[in-house]
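Scroll down for the structure; my scribbles are underneath it.
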Amino acid sequence: MANNTLDEAALYKLAKEQFVTGHSGSGFSHVIYLTMIYAFTNVFSRTILSFLANFTSFFDRNKVAKFILEFTTIVAPIIASQTIPDHAPLIIAIQVLTILHLDIFSKLIFGKALYYYGFGCPTKTGAVIVAKGDKVERHYRFLTDQRVLTHLATCLAILAVDFPIFPRNLCKAEERGVSLMDLGVGLTLFTSGYVARQVRNANQGLIKRIIRSMSGASPILIIGVVRLILVKAVNYQEHVSEYGVHWNFFITLSVVSFVAPFIRLSPNGYFIAGIGLALVYQAFLSLGLDNYILYAPRDNFFSANREGILGTVGYLAIYIIGMSVGAFLQSIPDAKLKEINIYKVFLRHIVWKLLVILALLLICINIPAIGEVSKRMMNASYVFWVCLHDLLLLIVWTTNEGADIPNRKLDLLEAVNFNQLIVFLVANNLTGAINLTFKTIYMSDIESLIIITGYMFLLSAFALILYYRRWRIKFW
């Protein structure tokens with residue numbers, strides 16, 4: 001009986017690994033219109049809250065009711081994008097039409113517009129000044145919204161991929177191709193670059209940067225090692241070709257977090273350095289490193305984890321290019337910030353970067369030695385695709401913000417931003433617990449949807465509880 005149970009567990013583990021491997025992705029346009037849903041959820045939610053505020057202050061006074069409304073208007077569309085992606089254009093249409101019509105109704109009924117179209121204003125700083133001890137930092141809401149919504153979508157995808165309701169063309173491409181899940185981790189690194197320490201504290205000395213980099217990277221590395229031990233201990237299914245036998249995303253993140261603070265350049269310097277690093281690494285791939293990654297035996301530690309170890313170079317390139325975005329905003333003097341329309345200035349800056357990246361991507365995918373996007377190899381095509389996609393989304397977020405969307409604080413987004421790494425860690429643990437409890441690959445669509453929605457509800461509630469109690473779990 002015991003042997004039969006073990007055989008059944010081994011067979012299920014094998015079936016689970018086959019369920020998430022061997023896929024070829026979807027296409028560039030498919031991923032774009034799925035992620036456009038994320039770009040409108042913050043505006044969608046703020047518009048509804050602002051419109052309802054004309055009738056009642058109930059949602060401002062009742063945190064539970066506000067949470068349910070925010071969950072419905074922010075998280076539910078993200079869940080829909082990953083469970084019924086064929087309806088993504090309809091979801092976007094509903095979001096946009098709701099935004100426009102509520103603005104019209106507000107003007108007709110209350111004589112008050114929900115939008116003021118701030119692009120026409122001569123000055124519009126867009127920055128929230130935050131004092132941290134003796135330092136002053138600028139926070140831009142459109143950057144925060146993008147980071148948090150990308151984070152929520154990633155937290156959802158790491159569980160949803162284990163259910164049949166999650167279309168297989170959204171899964172990671174095995175060797176070459178693009179998909180929603182291929183994009184997720186890249187966007188996480190790119191948007192993290194916005195708020196890198198050396199971007200926020202450009203004048204910090206080398207010794208302080210070394211100390212900060214070690215204190216920031218060490219806890220993430222510990223989390224990665226603990227995750228590895230737990231995965232091996234419970235014989236959890238693994239997608240070996242993603243990071244390797246012992247490597248994982250947390251270890252990659254710790255390496256990037258340790259190395260990046262040693263790099264201090266101008267905003268354009270970061271941009272050039274990131275591109276240069278991606279192209280230098282691509283040169284090694286084209287000289288034979290790509291075949292090593294794809295076909296080498298896993299007979300030693302390095303070879304067993306080659307995707308994770310070598311891929312860190314590509315992730316670092318993405319992170320550095322992301323740093324150029326945050327560095328540009330932080331480099332604008334305070335006096336000048338009060339005189340300019342930051343949205344117009346920032347959009348011009350992003351557009352020229354997008355055009356450069358687009359040109360590089362088109363060149364790369366048309367050179368036989370580089371070819372299609374490959375997350376597994378972290379080739380230049382992948383690096384530039386991630387950066388292009390992020391810059392495109394950033395244009396939408398900046399445009400929405402520049403149109404002066406209702407200035408309503410969304411507690412859910414604030415809460416996730418308040419404890420972003422811990423929320424992601426809890427999401428990983430919940431994903432593991434659910435997979436160990438249920439045979440997810442055999443579940444019906446209704447069962448899958450109930451579990452996925454419940455998971456996101458618990459994760460959101462956890463983030464809000466920490467936020468309302470002002471419990472920031474940070475050890476570095």
Side-chain angles (χ1 to χ4, degrees), residues 33-103 105-106 114-115 141 144-157 159-160 163 165-166 396-397 400 405-418 423 426-427 430 445-468:
Y33 74 67
L34 285 180
T35 51
M36 280 297 166
I37 293 174
Y38 315 152
F40 286 103
T41 49
N42 56 332
V43 191
F44 182 59
S45 188
R46 285 194 177 102
T47 300
I48 291 174
L49 278 169
S50 296
F51 183 75
L52 292 174
N54 289 319
F55 297 95
T56 176
S57 60
F58 175 71
F59 293 101
D60 291 325
R61 291 183 283 104
N62 191 307
K63 290 181 179 179
V64 174
K66 188 178 183 185
F67 166 52
I68 293 172
L69 181 61
E70 288 186 3
F71 185 86
T72 304
T73 55
I74 296 172
V75 181
I78 297 175
I79 294 175
S81 74
Q82 297 186 20
T83 54
I84 50 171
D86 291 342
H87 293 84
L90 176 62
I91 297 168
I92 295 171
I94 291 171
Q95 289 177 318
V96 173
L97 288 173
T98 300
I99 292 164
L100 295 175
H101 281 80
L102 288 184
D103 185 40
F105 292 154
S106 183
L114 296 177
Y115 302 95
R141 190 174 69 178
T144 301
D145 284 356
Q146 185 190 23
R147 291 178 63 239
V148 173
L149 288 164
T150 299
H151 192 75
L152 282 172
T154 304
C155 289
L156 171 62
L159 174 66
F163 290 86
I165 197 173
F166 187 87
V396 178
W397 258 295
N400 289 340
I405 61 177
N407 189 24
R408 286 265 159 190
K409 186 175 76 168
L410 298 177
D411 290 351
L412 180 54
L413 299 189
E414 296 287 336
V416 175
N417 186 55
F418 191 66
V423 169
V426 170
L430 284 175
D445 286 354
I446 295 297
E447 292 171 328
S448 302
L449 192 58
I450 290 171
I451 292 174
I452 290 169
T453 304
Y455 155 82
M456 289 301 292
F457 190 88
L458 285 175
L459 189 64
S460 302
F462 168 76
L464 276 167
I465 289 170
L466 295 184
Y467 175 68
Y468 286 141

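These values consider heavy atoms only, across backbone and side chains, with no hydrogens, waters or symmetry-generated copies. Along the sequence shown, the residues carry numbers beginning at 1.
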Check: L152 and L413 side chains under 4.5 Å, non-hydrogen atoms: yes
Rounded distance [0.5 Å steps], CG in N42 versus CG in D145: 4.5 Å
Side chain to side chain contact (heavy atoms under 4.5 Å, CB included) partners for A53, two or more places apart: R408
Beyond-backbone contact of L159 with L430, side-chain heavy atoms, under 4.5 angstrom: no
Separation between CZ of F105 and CG of L100, rounded to the nearest 0.5 Å: 11.0 Å
Minimum heavy-atom distance between F40 and V396, given as atom pair plus value: CZ-CG1, 4.2 Å
Carboxylate-amine/guanidinium proximity below 4.0 Å for D411 and K66: yes
Side chain to side chain contact (heavy atoms under 4.5 Å, CB included) partner of R46, the single match among L410, N400, T41: L410
Minimum heavy-atom distance between P77 and T72, given as atom pair plus value: CD-O, 3.4 Å
Heavy-atom closest contact (S81 atom, I91 atom, distance): N-CD1, 4.3 Å
Min side-chain heavy-atom separation T83-F163 under 4.5 Å: no
Test item: Q82 side-chain N/O and A153 main-chain N/O as donor-acceptor pair under 3.5 Å: yes
Partner set under salt bridge (charged side-chain N to carboxylate O under 4.0 Å, His left out) for D445, not counting sequence neighbours: none
Distance in Å, I92 CD1 paired with F44 CZ, rounded so as to fall on 0.5 Å steps: 12.5 Å
Check ion pair D60-K409 (N to O, under 4.0 angstrom): no
Side chain proximity check, L149 to I74, heavy atoms < 4.5 angstrom: yes
Euclidean distance, E414 CD relative to Y467 OH, rounded to 0.5 Å: 4.5 Å
Closest approach of A160 to F166 (non-hydrogen atoms, all atoms of both residues): O-CB, 2.9 Å
Nearest-0.5 Å distance that lies between atom CD in Q95 and atom OG1 in T73: 9.5 Å
Expected output: side-chain Q146 to main-chain W397 donor-acceptor under 3.5 Å: no
Mind listing the side-chain donor-acceptor pairs of residues 446-463 below 3.5 Å, one per line with the distance, residues two or more places apart or on another chain?
| unit_1 | atom_1 | unit_2 | atom_2 | d |
| --- | --- | --- | --- | --- |
| E447 | OE1 | S444 | N | 3.0 |
| E447 | OE1 | S444 | OG | 3.2 |
| S448 | OG | S444 | O | 2.7 |
| T453 | OG1 | L449 | O | 2.7 |
| Y455 | OH | C155 | O | 2.6 |
| S460 | OG | M456 | O | 2.7 |

Over all atoms of both residues, closest heavy-atom pair of L464 and F67: CD1-CD1, 3.0 Å
Polar side-chain atom of E70 near backbone of L412 as donor-acceptor pair, under 3.5 Å: yes
Spatial distance of atom CD1 (I99) from atom CZ (F51) [nearest 0.5 Å]: 14.0 Å
Heavy-atom check, side chain of L52 versus side chain of L69, under 4.5 Å: yes
Sub-4.5 Å side-chain heavy-atom contact between I84 and H87: yes
Y33 atom OH: more than 12 heavy-atom contacts under 6.0 Å: yes
